[in-house]
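Notes follow the structure.
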There are 2 protein chains.
Amino acid sequence: MRRSPRRGQRVTVREVARAARVHFSTVSRVMNPATRGQITDSVAKRVLKAAERLGYRTNALAAGLRTRRSRVVGIIVPYIDSPLYPPILLGVEEVLNERGYVAIICNTQNDPAREERALAEMMGRQVDGLILGTATRGDPTIEAWVKRGAPLVMINRTDQTGRAPSVITDDRLGIGLVIDHLAQLGHQAIGHIAGPQQLSTGAARSEGFRAALARHRMRAGSREIVVADDFTREAGRRACHQLLNQFPQATAVVAANDLLALGGYEALRERGLSCPKDVSVTGYNDSPFVDLLTPPLTTVRIPQREIGIAAARTLLRRIEDNDTSATDVVLRPELVVRQSTAAPRLATLLSNAPERR
Amino acid sequence: MRRSPRRGQRVTVREVARAARVHFSTVSRVMNPATRGQITDSVAKRVLKAAERLGYRTNALAAGLRTRRSRVVGIIVPYIDSPLYPPILLGVEEVLNERGYVAIICNTQNDPAREERALAEMMGRQVDGLILGTATRGDPTIEAWVKRGAPLVMINRTDQTGRAPSVITDDRLGIGLVIDHLAQLGHQAIGHIAGPQQLSTGAARSEGFRAALARHRMRAGSREIVVADDFTREAGRRACHQLLNQFPQATAVVAANDLLALGGYEALRERGLSCPKDVSVTGYNDSPFVDLLTPPLTTVRIPQREIGIAAARTLLRRIEDNDTSATDVVLRPELVVRQSTAAPRLATLLSNAPERR
DNA sequence: GTGAAAGCGCTAACAG
DNA sequence: CTGTTAGCGCTTTCAC
């Protein structure tokens, strides 16, 4: 009766076949949804019952070797422990799992060497496709992947060459919403703590800043941009100090993400300025808990889970239907107004002045 | 010259062998660190060069099928998008990657049905081991896994049967540190917002609460426990209200995690009470940003990354050396004092009174 | 509708 | 030290 061997799953098609008194290829056909129709119902039933009883599960390694499809997709992200990625992964996983795929996730800490190792690992493991969150402009590692014709979708950032589809959010729009909001409150001197310009998010947001100010006819003298060298609190703090030194008349500071905004809070505190009374501050990403800060942060929410879902769907279309028509998906961000933004002091005093056009 | 076929990696040991003018099994031996010593250096060099030139990578599916080791470990967590797990995953990944393993991560939203599906998926994919973050007391799914003799390590929670090793933190100690701190500040009436008691963390922390109070000789009349039905802000808010209704003399509220503490903040605000002046509040986990709240939250930090590292190491010992001696690892939490705790009003008034004891 | 046979790419006895 | 051979468990022609 020795039925449970020492290690690993040992039940194979052959054993199920013996139990069900059919050929093992029949078992294979029954277990595979695509070929199930070839088998008589009564035989199928018998096989299924035997499989169930023995606890059979298809060996994904063997199947993958044979079919050249692993039903695994690789995901490479810069920081798994940041508020941004986990919800995206959730969305990816959701789509993947319901289609019988799993994800292997690698974290690179933004280190190109680690990215390259991760990519090699993924190739060796025969992943069917890749979701890449670490793209940089003209990323060379993408080249190799795309050349092989392997499916790839970029998220959050793009390499801006159009070699592969991406799922991003509209950063220019998002910053535009912020500026509209501030303009409506009456701000006319707005500073920007920009993010690193080599990341597409950093670059797009500062472009958005410039464009939105132009749209509102605010120009030189009514704005100032300081680039933070990293998306961190400390970098935000330093940048905000520099900003206020160069541009003391600023009544609002638009940060390129929430962490930078938090650094801004610190800088204001250190200067004895109050937010939003003296200076309004805005963030980007709507990270968890920023609604609990003092003051609760006005920020831009991006649909993280939807990014993951869209990326996974695009990738699967490419993998399963070889549908290469995918173009970039651009999702809409949303302004979340909280209490870190208010009318500027001056505007409050002049609030009875006639509306400007 | 057709060298790059349409899809997937097509370079195999045979092609490398042909290029290097050796037998293909020699190539295999060169590529595998364990058998590399069997080959003459000069031959090895030739093979390596050819492999490099052709861009050869071992097909992990084929190797896994043959060796019955996939070098994949499964990780099952309840909520990937919570502040708790990502840093743990980071630690796991770090150890795994440097040993040539990758992780496939499944998220269950605490749904037993999803957990079971995840487990089945992992089995089918021949994972070499499992890190389980969803264990509940007497979890039946663990049974099947352990029975097969498959390596398993639990994290954060244990099923409390000792069938498999776990890596957890010492919740009783952690809460003890909190109580010591509060006692030293002079608190003598302390309430507890407990977490769900079916989760080992919830249960261990309330036990720790009771034990610590006993140690400090505070008894009935000097404490009250209200169990929140979920680890969420809203549940914490409700529980805190209930707590203060039943036990209005409380000068401190110890929450079983940070989210519950945040709910406590809200409840206090709704009652017009100030923290820490009227009531001190503590959390647990030291989630990101809780240092930025008003007031910054006194909480307990748990070594998340280390949990991941320890779990991965334990698992690999079991997988690679079949070292089954592993016992539970219990890591030390650490008190982080911030500004949500202060001496109680009364104690302030009496601060000139002689020290007790 | 079901059986037979081949082979995915690799590793690991076993020979020499 | 290197070559030969078999086979991991599966899918998928091709026959019947």
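Because the structure is a prediction, the values reported are computed rather than measured. All chains are named by letter (A, B, ...) in the order of the sequence lines, taking the proteins before the strands, and each is independently numbered beginning at 1.
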Rounding to a whole Å, what distance do you find between Arg68(A):CZ and dC10(D):P?
-> 19 Å
For Asp41(A) and dT2(C), give me the distance from atom CG to atom C1', rounded to whole Å.
-> 15 Å
Per nearest nucleotide of DNA chain D, the residue lying toward the 5' end, Val22(B) or Ala62(A), is Val22(B)
Separation of dG9(C) P from Gln126(A) CD (nearest whole Å) = 9 Å
In whole Å, what is the span from the CZ atom of Arg18(B) to the P atom of dG3(D)?
-> 15 Å
Thinking salt bridges, do Arg99(A) and Glu320(A) make one under a 4.0 Å N-O criterion?
-> yes
Here the distance between atom P of dG3(D) and atom CZ of Arg21(B), to the nearest Å, is 12 Å
Would you call Arg117(A) and Glu121(A) a salt bridge, using N to O less than 4.0 angstrom?
-> no
dC8(C) phosphate, OP1 or OP2, under 4.0 Å from Arg10(B) side-chain N/O | no
When the distance from CZ of Arg125(B) to C1' of dG9(D) is rounded to whole Å, what number comes out?
-> 15 Å
Do you know which of Leu48(A), Asn32(A), Val13(A) makes side-chain contact (heavy atoms from CB on, under 4.5 Å) with Val27(A)?
-> Val13(A)
Rounded distance in Å - CZ (Arg66(B)) to C1' (dA12(C)) | 5 Å
To the nearest angstrom, how far is Asn59(A) atom CG from dG7(D) atom P?
-> 18 Å
Does Thr40(A) put a side-chain nitrogen or oxygen below 4.0 Å from OP1 or OP2 of dT2(C)?
-> yes
Nearest to side-chain heavy atoms of Arg14(A), which nucleotide of dC10(D), dC10(C), dT2(D) | dC10(D)
Taking the side chain as C-beta and beyond, is there a heavy-atom pair between Arg68(A) and Gln126(A) under 4.5 Å?
-> no
Could you pull out all residues at least two apart from Arg317(A) that satisfy side-chain hydrogen bond (donor to acceptor under 3.5 Å, both in side chains)?
-> none
Comparing nearest nucleotides in DNA chain C, the 5'-proximal residue of the pair Thr67(A), His23(A) is His23(A)
With a 4.0 Å heavy-atom cut-off, tell me which residues in residues 24-39 of chain A come close to DNA chain D, sorted by residue number.
-> Phe24(A), Ser25(A), Ser28(A), Arg29(A)
Within the pair Arg69(A) and dC8(C), is there a side-chain N or O less than 4.0 Å away from OP1 or OP2?
-> no
Are the side chains of Ser70(B) and Arg125(B) in touch, meaning some heavy atoms are under 4.5 Å apart?
-> no
May I ask you to check whether Thr161(A) and Arg163(A) show a side-chain donor-acceptor distance below 3.5 Å?
-> yes
